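What follows is one structure encoded as structure tokens, with my remarks underneath.
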Amino acid sequence: MFPYPSGNIHMGHVRNYVIGDICARYHKLKGDEVIHPMGWDAFGLPAENAAIQFQTHPKDWTLSNIENMKEQLQKLELDLDWHRELATCNEDYYRFQQELFIDLYNKGLAYKKDALVNWDPVDQTVLANEQVIDGKGWRTGAQVEKKNLSQWFFKITDYAEELLKGLDDLELWPEKVKTMQRNWIGKSTGAEIKFWIPKINRFLNIFTTRPDTIYGATFIAVSINHKIVADSLDKKSIEKIRNNFNLVNDEKEKLGIKLDLSCKHPILDKEIPVYVANFVLDTYGEGAIFGCPAHDERDFEFANKYSLPIIKVIECKDEELPYTGDGKLINSPKLNGLKKDEAIKKIIEYFNDSGAGKEKINYKIRDWGVSRQRYWGCPIPVIYYEDGSYRVLDKSELPVLLPYDVNLEGKGNALLNKKNWREVICTKTKKAALRETDTLDTFVDSSWYYIRFLNNKFDKPFDPKEVNKFLPVDKYIGGIEHAILHLLYSRFFMKALRDIYDLKVDEPFKQLFTQGMITHKTYKTSKNEWVMPKDVVSKDGLLISKKTSEIIQEGPSEKMSKSKKNVVEPDEILENYGIDATRIFVISDSPPDRELEWTDEGIQGSKNLTHRIERYFSRKGGQIDLDTKKSVEKFVSDIEKNILNFSLNKCVADIYTLFNYLEKRMVFLQNNELSKKILTCLFPILPKLTTDLYTTLFKTSNFKMWPSIDRKLLIVDKLKLPIQIQGKLVTTIDTKKGYSEKEILNSIYKLDKVKNKIVDKKIVKVINVQNKIINIIIN
RNA sequence: GGCGUUGUGGCGGAAUGGUAGACGCGCCGGAUUCAAAAUCCGGUGAGGGCAACUUCGUGAGAGUUCGAGUCUCUCCAGCGCUACCA
């Protein structure tokens, strides 16, 4: 995943990109065609905030950050395709995004509507549902407000089913991410039932997953934003109710107001009351429910509070109420005796016939709101006429450039005040018009950058031939924090573009690898001030501050963060330990998908390993025999397997194992062909060191291809065969592969350890798993 | 509450159903050094034994199997996501 140019590379970036770099270098050595790009997710709010704070311009701030971070990445000597570099804030990127917007619009996948949207009062912009966490803005943490605004949306809901189904085929994605996406899409199967309201002469549509409990329905509840509320109460009363709802302290407390309406029960000859209730979500289903208190916890609570009847329709004990499990239907003439699933099937059939309802699938996912009331983003290519109508521009009218000269100090979106940019004459109608001042959510930028990487100079967004040839991305590496946002949006984009451009690609990322975060111990003074690790020294068993000599308390290891100051700077680490040691350490201590604790001992140990390898190749002597060749061959095979599995921590273990073995036997390979093999396999992990050593030993820095493995050398004939009695290990014996069971048993029975155990016993059975184990069963 | 995921030495972690603890860190001995760092050699799951050796041991309990860290079920704990989703 490409980074946001915040100013500096941090250790998380280093880990992310080193993992990718090792893969890329390995595949290049294998002769594979590798695309290993880098770019910048360069639009977004921090630039605007920084611009105001530091009296600069978002563009200048962003571009200078990019320059700085690029320099830092280059210090890491990552093998990146810099010719593919892109920044989403540059015209040559976002103009093509405007084309894609037009494509989406023409395909009916972008539309504008009035909607109750999430408003972040601090960032002064709308947020997508995915960007609201616990009712708070994902960046600011501010309580999100509801506002009714006219907004652009992408119709991700059209793809809900495909996005859900597609997850099953993403075998190389972590289960965790797939689960999160499944939950977010939130498919449920049930029925939509029509309830007739005689007084206003209309139906109320209600979605339920439990149509089998229809006979137990004793009330209806709708959301405060439901149409029938607006139709039956005046604005003042609605506001009053809304305020009452907002006053509730306990989020789960149920509140309801009875409307002067009642609904006909769709089967029984009775009417049930209609409430406005605070627990009914207006964004799910149609914003209305029927309450079956006997078999739903919320309905039960509500019914008790407002003394509504509770009718049991599934067999259970009274004290079990509300009972939500399966059971035999009762008190339900058409369904009595049936179990839940049968009852659901039957009642839906009945509704189909009577016209009172039908089977319905419902999704939690909502359309993606992409309008942002901010300056630093991709302008939406739309103009508005004085009568309020709008026109989406033609591609020939692009690009709509983001003006540079704006006043960011004012209130709201700076584009609103940029008159000479905003006011235009429509080229088609010659009428006066105003440009759309909202910009696109930055997640739109990142939803297709991997496509643009294929050809960042192309004069259209992409070349379908290249897309079909190279996509999906084989290996995609990044943090898990994008499990829903970026990774879901990108999947949607890929599918939408597939349908617009008739592409052959269904998914953007074939394999997803989520790397773990980097943690570090935290340090605090007695005044609760955070202290950076580099400012802490150990003295007489105490930790003290280098600067002030205050005593420092050590806290738990937590994710590196500027606020807790428990960070180490990549620049300093590179300076002190070098590229290779840094690379080794970020992959060595933990599997790459788990968290890694940064420690001084750890990075020092990695440094020592690089010295040791250097030293090894400077020494001479020893006899190269078959065992040496075999150990090198095994090394090649293990490293390869572990790189392919992202088990990079095991690669480091393989390195230690190899050198432990060679040094123990005092075999120093020097400029032997075996050294070539070893150095080639080490190259993806330790590019700098191995290049130097290779040059010294072989007078060239041109690595050959990744060595092909001689399978014969991987065969191990010598064998320590475990001998079990009753499945418990008794001893091991040295033998060779392909031993004869009969002969080996004879010798086993002579062993004291075995004799002692089987004396006076009868051997019932001997299980010989050839070359693996022998298990003797006695009675 | 729901879903997912993880539980293995002092620590990070290895183990296609077949010798649990590879490899590293730390620690303990020793060599080298005036001394330290670095380096090198040896040891290091727990209990018992002078020893050969022996018993126990992968969160708990059951099951499948000749054999379970690994598969199944039921719990427990941590982590993550989600949460009035009808």
Side-chain angles (χ1 to χ4, degrees), chain A residues 133-134 174-184 186-188 190-191 193 206-211 213 217 221 223 250-254 277-281 283-292 295-299 301-302 324 362-365 480-481 483-484 514 557 584-585 588-591 593-597 599-602 604-609 611-612 615 638 642 647 649-660 663-664 719-733 752-753 756 764-769 771-778:
Chain A
I133 294 147
D134 263 348
E175 205 50 48
K176 206 196 288 187
V177 176
K178 289 194 276 186
T179 310
M180 281 160 74
Q181 293 209 355
R182 277 189 195 105
N183 290 341
W184 187 261
K187 179 180 184 175
S188 20
I193 305 174
I206 286 178
F207 174 75
T208 178
T209 53
R210 295 295 303 274
T213 63
S223 134
D250 175 8
E251 267 184 25
K252 300 244 157 159
E253 193 187 328
K254 310 275 177 292
N278 65 342
F279 67 93
V280 182
L281 304 173
T283 53
Y284 188 73
E286 303 259 331
I289 62 157
F290 76 74
C292 175
H295 306 292
D296 182 282
E297 279 168 38
R298 297 164 309 231
D299 299 348
E301 203 186 312
F302 192 79
T324 56
N362 203 36
Y363 299 91
K364 278 203 269 187
I365 191 169
I480 194 151
E481 66 273 17
I484 296 174
T514 52
S557 199
I584 281 276
F585 182 56
S588 66
D589 266 15
S590 308
D593 54 347
R594 293 207 211 162
E595 61 180 44
L596 169 73
E597 183 176 8
T599 60
D600 290 345
E601 293 86 356
Q604 187 56 52
S606 302
K607 182 77 193 170
N608 294 345
L609 177 60
H611 281 152
R612 183 173 162 191
R615 215 165 37 236
D638 287 348
N642 288 327
S647 300
N649 55 322
K650 286 190 246 166
C651 287
V652 180
D654 295 336
I655 298 173
Y656 278 109
T657 306
L658 175 73
F659 286 100
N660 284 349
E663 286 179 355
K664 184 157 214 142
L719 189 62
K720 263 198 182 347
L721 189 69
I723 309 301
Q724 296 182 334
I725 293 178
Q726 308 292 67
K728 279 191 148 191
L729 182 75
V730 173
T731 186
T732 62
I733 56 169
D752 282 346
K753 279 184 183 174
N756 293 340
V764 181
K765 199 172 163 189
V766 173
I767 292 149
N768 170 39
V769 183
N771 301 336
K772 276 277 165 64
I773 202 158
I774 288 180
N775 190 6
I776 300 165
I777 311 302
I778 52 179

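Heavy atoms only: backbone and side chains are in, while hydrogens, waters and symmetry mates are out. As the structure is a prediction and not an experimental result, all values here were calculated from the model. In what follows, every chain begins at residue 1, and chains take the letters A, B, ... in the order their sequences are listed.
- Within the 4.0 angstrom heavy-atom criterion, base atoms lie near K364(A).
- Distance L658(A) CG to A22(B) P: 18 Å, rounded to the nearest Å.
- Rounded to an integer number of Å, the gap from CG of N183(A) to C1' of G1(B) is 13 Å.
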What N/O pairs connect the protein and nucleotides 66-73 of chain B at under 3.5 Å? Give each pair on its own line.
| residue | atom | partner | partner atom | Å |
| --- | --- | --- | --- | --- |
| C66(B) | O2' | N775(A) | ND2 | 3.1 |
| C66(B) | O2 | N775(A) | ND2 | 2.7 |

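- Atom-to-atom, CD of Q181(A) to C1' of U5(B) comes out at 17 Å; the value is rounded to the nearest Å.
- Among the atoms of the strands shown, base atoms are found under 4.0 Å from some heavy atom of T732(A).
- Pairs of Watson-Crick or G-U wobble type, with distances under 3.5 Å, assemble into runs of 3 or more in RNA chain B at these ranges: B:1-7 with B:76-82, B:10-12 with B:23-25, B:26-31 with B:39-44, B:45-48 with B:53-56, B:59-63 with B:71-75.
- Geometrically, K254(A) engages F279(A) in a cation-pi contact, judged by NZ or CZ lying under 6.0 Å from the ring centre and within 45° of the ring axis.
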Report task. Decide yes or no on salt bridge (Lys or Arg N to Asp or Glu O under 4.0 Å) for E175(A) and R182(A), but give the supporting numbers first. Result -> CA-CA 10 Å; E175(A) 205 50 48; R182(A) 277 189 195 105; 3.6 Å; yes

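- As judged by a 4.0 angstrom heavy-atom cut-off over every strand, K187(A) is placed among residues making no nucleic acid contact.
- Separation of the C1' atoms belonging to G45(B) and U19(B) is 16 Å when rounded to the nearest angstrom.
- Taking atom C1' in both G69(B) and G18(B), the straight-line distance is 13 Å, to the nearest Å.
- Among the atoms of the strands shown, base atoms are found under 4.0 Å from some heavy atom of V280(A).
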Please write out the pairs of protein N or O atoms and N or O atoms of nucleotides 12-14 of chain B separated by less than 3.5 Å, giving the distance to one decimal.
| residue | atom | partner | partner atom | Å |
| --- | --- | --- | --- | --- |
| G12(B) | O2' | D589(A) | O | 2.3 |
| G12(B) | O2' | S590(A) | OG | 3.2 |

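- Between C76(B) and C25(B), the two C1' atoms lie 31 Å apart (nearest whole Å).
- Checking T283(A) against K176(A), the closest nucleotide of RNA chain B that is more toward the 5' end is the one next to K176(A).
- Distances were taken from every side-chain heavy atom of N608(A) (C-beta onward) to each of C23(B), G18(B), A38(B); the shortest belongs to A38(B).
- Within the 4.5 Å cutoff, no side-chain heavy atoms of K364(A) are placed close to those of W184(A).
- The distance between atom CG of D638(A) and atom P of C23(B), rounded to the nearest whole Å, is 13 Å.
- Nucleotides G78(B) and C66(B) are separated by 38 Å at their P atoms, to the nearest Å.
- Annotation: G21(B) and A14(B) have their P atoms spaced 15 Å apart (nearest Å).
- If you check G4(B), C84(B), U19(B) against the side chain of T179(A), the one that comes closest is G4(B).
- At a threshold of 4.0 angstrom between heavy atoms, the contacts of L281(A) include nucleobase atoms, whether or not backbone atoms are also involved.
- Between R612(A) and N660(A), the closest side-chain pair of non-hydrogen atoms falls below 4.5 Å.
- Of the listed nucleotides (A86(B), C84(B), G4(B)), G4(B) has the atom at the smallest distance from the side chain of E175(A).
- For G47(B) and U5(B), the P atoms lie 37 Å apart once the distance is rounded to whole Å.
- The glycosidic torsion of G7(B) lies more than 90° away from 0, which places this base in the anti conformation.
- If you check every strand for non-hydrogen atoms under 4.0 Å, N660(A) touches sugar and phosphate atoms only.
- For a distance-only test at 3.5 Å, the side chain of K753(A) fails to qualify as a donor-acceptor partner of the base of C53(B).
- A donor-acceptor contact shorter than 3.5 Å is absent between the side chain of E286(A) and the backbone of F207(A).
- Atom name C1', nucleotides G9(B) and A22(B): the rounded distance is 14 Å, in whole Å.
- Summarising the geometry of P174(A) relative to T514(A), their closest heavy-atom pair is CG-OG1, 3.9 Å, with the distance given to 0.1 Å.
- Separating the CZ atom of F659(A) from the P atom of G24(B) is a distance of 13 Å, rounded to the nearest angstrom.
- Here CG of D296(A) is found 7.0 Å from CD1 of I289(A). Values are rounded to the nearest 0.5 Å.
- Here the nucleotide nearest the side chain of M180(A), chosen from C84(B), G24(B), C81(B), is C81(B).
- Side-chain atoms of D589(A) never come within 3.5 Å of backbone atoms of L596(A) as a donor-acceptor pair (strictly under, hydrogens ignored).
- Rounded to whole Å, atom C1' of C11(B) lies 16 Å from atom CG of D600(A).
- As rounded to the nearest Å, G61(B) and A68(B) have C1' atoms that lie 15 Å from one another.
- Computed from coordinates, the K720(A) NZ to U19(B) P distance equals 14 Å when rounded to whole Å.
- The CZ atom of R615(A) lies 11.5 Å from the CZ atom of F659(A); values are rounded to the nearest 0.5 Å.
- In plain terms, the two heavy atoms of C292(A) and D299(A) that are nearest each other are N-OD2, 2.9 Å.
- At the phosphate of G24(B), neither OP1 nor OP2 sits under 4.0 Å from any side-chain N or O atom of Y656(A).
- R615(A) comes within 4.0 angstrom of the backbone, heavy atoms only, and of no base.
- Partner of I767(A) under the side chain to side chain contact (heavy atoms under 4.5 Å, CB included) criterion, out of I773(A), I776(A), N775(A): N775(A) alone.
- Side-chain atoms of N362(A) never come within 3.5 Å of backbone atoms of S188(A) as a donor-acceptor pair (strictly under, hydrogens ignored).
- Side chain of D638(A) to main chain of K650(A): no donor-acceptor pair is present (N/O by atom type, distance under 3.5 Å, no hydrogens or angles).
- Taking 4.5 Å as the limit, some side-chain heavy atom of F585(A) sits within range of a side-chain heavy atom of T599(A).
- For the pair D654(A) CG and G24(B) C1', the interatomic distance rounds to 13 Å; values are reported in whole Å.
- Using a 4.0 Å heavy-atom distance criterion, K178(A) is classed as making no nucleic acid contact.
- For the residue pair K720(A) and T732(A), the shortest heavy atom distance occurs at CD-OG1, 4.2 Å.
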